[in-house]
2 protein chains.
Amino acid sequence: MHSKSAPNPHAETVWTRLVRASTRVQAEIEATLKAAGLPPLDWYDALWEIEKAAPDGLRQFALQERLLLPQYGLSRLIGRIAEAGLITRTPCPEDGRGQILALTEAGAAARKAMWPVYAAAMEQAIGTRLTGDDARRLADMLARLV
Amino acid sequence: MHSKSAPNPHAETVWTRLVRASTRVQAEIEATLKAAGLPPLDWYDALWEIEKAAPDGLRQFALQERLLLPQYGLSRLIGRIAEAGLITRTPCPEDGRGQILALTEAGAAARKAMWPVYAAAMEQAIGTRLTGDDARRLADMLARLV
DNA sequence: CGCAGATAGATGCATATGCATTTATGTAGA
DNA sequence: TCTACATAAATGCATATGCATCTATCTGCG
């Protein structure tokens, strides 16, 4: 985006492609889910984290750390998913300020229905463009940016 | 996010880290720009593309392809930037439906003021975490996902 | 020419997001 | 205990985004 050289001369290229790649892949996955009449991606992530935390349930602030969402963003996401009947929010006995999130039957079913579509979209958008070895290497390098 | 294996067993890891890395880096860069009292990232990209297209100017649909933004999104982005006095929209003589985008003095100055802050944030968020060689390799791999 | 698309760009309306603040509860120290 | 501060979560308000549609112009074909 600019010719002046920087300490690490490839940082800019990495950044540009990182954005382009993740934007494209995300758009493809979202489009696939929507075309299948399924909820958006962030619903999946939330449902999955809550499902993994069963049977104890999950506090909202804990989910917040896992999903890297801002507090108000998650509060509203949770509100929408709960509105759709996929999760429950029950008051936390140990901490009157908090609540415990858990999947409903419908929530577990929804997550399960999303997975094959999600996985196929991921494979399509990423898996088919890289060999297994390259994918592993790419994942390793990306880990250092996380 | 799920244990069932897929054709390319690393696609899921790539996807997860791709999102996390780009989200984190983007958040850092945006925060740095905002802290410096500068416009957001997408303004920079637009200004820079328009500046590169000088002296001919740039059609909105051409910018749209370069920035990978939806038509209505760019229409509004352009509206905001023009409102701020950083670009001009003049009717296109060859095509009455279109317009030609060009930087104003203030627009060129704004882009120039943003660059060092942007570059430093990029270096901070990416350059310091990878060797030059690794950055080049990473960029090469990402190219296949773009 | 006259009309059927196609294309460039804007916009109304619903939904989502960012930011700051609020409410309620918890914790620690004088 | 009372007070000050910290934390969990929600929300009012402004702004941004997605989607569908609209207007205006262009292009090609009978």
Side-chain angles (χ1 to χ4, degrees), chain A residues 19 23-24 26-35 37-46 49-50 53 57-84 87-102, chain B residues 19 23-24 26-35 37-46 49-50 53 57-84 87-102:
Chain A
V19 173
T23 303
R24 183 190 63 78
Q26 181 152 21
E28 278 180 33
I29 295 178
E30 289 284 13
T32 305
L33 286 170
K34 173 168 293 196
L38 294 167
L41 207 39
D42 45 357
W43 287 41
Y44 184 89
D45 295 335
E49 290 297 336
I50 296 171
L58 195 60
R59 293 291 301 276
Q60 188 168 306
F61 71 91
L63 183 54
Q64 187 180 323
E65 283 160 15
R66 287 168 174 71
L67 297 186
L68 299 179
L69 286 177
Q71 182 270 322
Y72 54 84
L74 182 59
S75 175
R76 278 163 172 152
L77 176 60
I78 287 304
R80 276 174 256 141
I81 301 179
E83 184 106 7
I87 61 176
T88 55
R89 286 179 284 192
T90 57
C92 176
E94 290 101 41
D95 188 337
R97 297 164 300 180
Q99 57 191 4
I100 295 180
L101 307 174
Chain B
V19 173
T23 302
R24 184 191 62 79
Q26 182 152 22
E28 279 180 32
I29 294 178
E30 290 283 13
T32 305
L33 286 170
K34 173 169 291 195
L38 294 168
L41 207 40
D42 46 356
W43 287 40
Y44 184 88
D45 295 336
E49 289 297 336
I50 296 170
L58 195 61
R59 293 291 301 276
Q60 188 168 305
F61 72 89
L63 182 55
Q64 188 180 322
E65 284 160 14
R66 287 168 176 70
L67 298 185
L68 299 179
L69 286 177
Q71 182 271 321
Y72 56 82
L74 182 59
S75 175
R76 279 163 172 152
L77 176 61
I78 288 303
R80 275 173 257 143
I81 301 179
E83 184 108 4
I87 60 176
T88 55
R89 285 179 286 193
T90 56
C92 176
E94 291 101 41
D95 188 336
R97 295 165 301 180
Q99 57 191 2
I100 295 180
L101 307 174

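Below, chains carry the letters A, B, ... as their sequence lines are ordered, and counting in each starts from 1.
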[X], nearest nucleotide to its side chain (from [options]):
X	options	answer
Lys34(B)	dC19(C), dG9(C), dT25(D)	dC19(C)
Gln99(A)	dA8(D), dA8(C), dA10(D)	dA10(D)
Tyr72(A)	dA9(D), dT11(D), dC13(C)	dT11(D)
Arg59(B)	dA8(C), dT25(C), dT17(D)	dA8(C)
Arg97(A)	dA10(C), dG18(D), dA24(C)	dA24(C)

First of Ile100(A) and Arg80(B) reached from the 5' end of DNA chain D, by closest nucleotide | Ile100(A)
Whole Å only: how far is the [atom1] atom of [X] from the [atom2] atom of [N]?
X	N	atom1	atom2	value
Ile78(B)	dT11(C)	CD1	P	14 Å
Phe61(B)	dT7(C)	CZ	P	11 Å
Gln71(A)	dT7(D)	CD	P	13 Å
Leu77(A)	dA10(D)	CG	C1'	14 Å

Indicate, with a heavy-atom threshold strictly under 4.0 Å, whether Gly96(A) touches base, sugar-phosphate, or nothing.
-> sugar-phosphate
Touch class at under 4.0 angstrom, heavy-atom based, for Gln60(B) against every strand present | sugar-phosphate
Between the base of dG18(D) and the side chain of Arg76(B), is there a donor-acceptor distance below 3.5 Å?
-> yes
How far does CG of Asp45(B) sit from CD1 of Ile50(B), to the nearest 0.5 angstrom?
-> 11.0 Å
